[in-house]
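What follows is a single structure, written as structure tokens, with notes after it.
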Amino acid sequence: MDYSTMHPESLMMSHGYKPSLSEGAIKCPIFQTSTFVFKNAEEGKRFFEIAYGIKEKEEDEELGLIYSRLNNPNLEVLESRLCLWDKAEDSAVFESGMSAISTAILEFMEPGDLLLYSKPVYGGTDHFINHFLKKMHINSVGFLAGESEEEIIARIDATGNKRMTMIHIETPANPTNALIDIEMCARIKDHYSTEEKSVILSVDNTFMGPLWQHPLKHGADLVLYSATKYIGGHSDVIAGACLGSKELIGRIKGLRTFLGNMAAPFTGWLLMRSLETLKVRMDQQAANAEKVAAFLNAHELVENVYYLGNLATNGTDQEKEILKRQYTSYGAMIAFDIQGGEKEAFAFLNNLKLIKLAVSLGGTESLAEHPQTMTHADVNPDEKVAMNITEKLVRVSIGIENSDDLISDITQALSASKLKVVLEDDLCM
Ligand SMILES: *Cc1c(COP(=O)(O)O)cnc(C)c1O
């Protein structure tokens, strides 16, 4: 049997870990240590030569353990496992998704450079781009799902900035599941790349990865994750990851060493534990989401349902084509417009019993929130309408509960919300 042809889910319990190096422990222990003892001074010298790139690594030579800000067994084993899903050469784990995103952008961009990004992006990323990067004299241009390659190129050229250095996209977009074509972005990347400098294309794959979308295959250079979401999956840890070629991840790990935002050993251990059940959790979440979406599609108090499965039948030709090319599942994120407005949406959220009212997503328990006033409160109000982020929009992250129970909870919260709103309106008269 060939180990290298096995599926990632078969390797999540063992890959990259040697029990013989840890007293035979079946599981990788938590290496709760700040530093590592060198066998001798010569070894310490050699490790530093490699770590700082003073001398080249020999073929097959591994970087020795030095200090937990540079490397630690929990992070190394985790990083080798994460690579399997996306077929990446290397990965770097961080103490949050935001630190993975900000470190990747800071490593490849300089003052005066231009960033292209898809809209909407995660609120924290949006803030980082529009506030912190601006302060560093790094400007940006945004584009919406559905805009053509020509329109986007024209907008970049209109800025007069010749230093288009990086493209950062999120697909499907949070909260409405709008689709961005990764291959189109790779063509824009090629358009602006020169012999001396290749534009970097990074994809935040938090919503669909690492199972259902593999951006590297479609021409991306970097895949970014909030590992807080599906990868961690139990709403009990904040973490992030970045995957790509050995060369690019080497540079990102270099900056991580000096920003000091690597994941801690316990975070690494928790994520390894989570990875063992990643596929069964995500498969169950997607199966539940399909049933919940079908229920919402047929409900009289629900107007629009933003779910990838709906695009497969009702989407434009372009959406259908992207859906087929980029995804192997419709995912487990659903947003919908409730009949009415904020009052109805809030009454619905306040009446949920099993589904919890909280931001975040991807965990074992289902969560619901109101993007307009919560996760996307800071987005420019004029742009919100174009993105379908209105007062009647509710976002739900589907968990692993029994789908019948999820549907009964939604049913009772929808009727209770209608009743409550009707009663309140009567009282006002
Ligand atoms: C949550 C999230 C982030 C930020 O991750 P943290 O782990 O909270 O720092 C980035 N991108 C997306 C798409 C997210 O959902």
Side-chain angles (χ1 to χ4, degrees), residues 78 82 86 91-106 115 117-133 142 145 167-180 182 202-213 215 220 222-243 252 256 259 261-264 266-268 270-271 274 282 285 306 308 326-327 331-335 358-363 365-371 374-379 387 389 395-399:
L78 169 64
L82 271 179
D86 281 290
S91 83
V93 289
F94 291 84
E95 204 49 42
S96 70
M98 275 318 300
S99 56
I101 294 165
S102 55
T103 305
I105 294 178
L106 287 177
L115 171 79
Y117 71 104
S118 63
K119 291 193 294 194
V121 283
Y122 177 71
T125 310
D126 191 278
H127 192 91
F128 182 75
I129 291 172
N130 289 301
H131 296 273
F132 184 78
L133 289 185
I167 306 173
H168 177 77
I169 61 169
E170 228 176 272
T171 180
N174 179 8
T176 56
N177 282 325
L179 300 178
I180 308 281
I182 302 174
S202 64
V203 179
D204 184 329
N205 199 27
T206 300
F207 262 48
M208 295 297 272
L211 255 69
W212 303 320
Q213 172 171 257
L222 297 174
V223 184
L224 291 157
Y225 287 109
S226 167
T228 309
K229 314 295 166 55
Y230 287 98
I231 294 175
H234 294 72
S235 307
D236 57 7
V237 63
I238 301 276
C242 180
L243 287 74
I252 288 171
R256 183 183 68 173
L259 292 178
N261 52 3
M262 70 296 154
F266 184 51
T267 302
L270 277 172
L271 292 181
S274 290
M282 288 184 77
Q285 286 171 283
Y306 305 91
L308 292 191
Q326 277 174 205
Y327 305 97
M333 291 299 297
I334 303 174
V359 299
S360 197
L361 58 103
E365 70 280 89
S366 298
L367 301 177
E369 64 115 6
H370 188 247
M374 297 171 193
T375 45
H376 295 70
D378 197 32
V379 176
M387 299 174 196
I389 305 173
R395 187 190 79 180
V396 192
S397 165
I398 303 295

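Keep in mind it's a predicted model, so treat the numbers as computed, not measured. One-based numbering, in listed order, for ligands and for the atoms of each. We number each residue from 1, following the sequence as shown.
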Among S360, S226, A100, whose heavy atom sits nearest atom 5 (O) of ligand 1? S226

Proximal ligand 1 atoms for S96, defined as those under 4.0 Å from one of its heavy atoms: 7 (O), 9 (O)

To the nearest 0.1 Å, how far is atom 14 (C) of ligand 1 from its closest protein heavy atom, and which atom is that? K229 NZ, 3.0 Å

Return the residue, atom name and 0.1 Å-rounded distance of the protein heavy atom closest to atom 4 (C) of ligand 1. Y122 CE2, 3.3 Å

Below 4.0 angstrom from a heavy atom of G97, which ligand 1 atoms are there? Numbered from 1 as shown, please. 5 (O), 6 (P), 7 (O), 9 (O)

T228: numbered ligand 1 atoms lying under 4.0 Å from its heavy atoms: 6 (P), 7 (O)

Would you say T125 has any N or O atom under 3.5 Å from an N or O of ligand 1, going by distance alone? no

Counting each atom of ligand 1 from 1 as listed, which ones have a heavy atom of D204 under 4.0 Å away? 10 (C), 11 (N), 12 (C), 13 (C)

Please confirm whether L224 approaches ligand 1 to less than 4.0 Å, judged on its heavy atoms. no

Using a strict 4.0 Å cut-off to heavy atoms of I101, name the atoms of ligand 1 that fall inside it. 10 (C)

Taking Q326 for its side chain and I182 for its backbone only, find out whether a donor-acceptor pair lies under 3.5 Å. yes

Is there a donor-acceptor pair under 3.5 Å between the side chain of N177 and the backbone N or O of M333? yes

Is it true that E170 and T125 share a donor-acceptor pair across their side chains at a distance under 3.5 Å? no

Within the 3.5 Å criterion, strictly below it, is a donor on N205 or Y225 matched to an acceptor on the partner's side chain? yes

Is there a side-chain contact between Y230 and T206 in this structure, where contact means two heavy atoms from C-beta onward sitting under 4.5 Å apart? no

Using a strict cut-off of 4.0 Å, indicate which atoms of ligand 1 neighbour a heavy atom of A239. 7 (O)

Under 3.5 Å: N/O of M98 near N/O of ligand 1: yes

Ignoring hydrogens and angles, tell me if any N or O in the side chain of N130 forms a donor-acceptor pair with the backbone of D126 under 3.5 Å. yes

Under 3.5 Å, is there a donor-acceptor pair between the side chain of H376 and the main chain of N174? yes

Residue E170 vicinity, atoms of ligand 1 by number, heavy atom under 4.0 Å: 13 (C)

Does a donor on one side chain sit under 3.5 Å from an acceptor on the other, for S102 and S99? no

Would a distance-only check, ignoring hydrogens and angles, find a side-chain to backbone donor-acceptor pair under 3.5 Å from S366 to I398? no

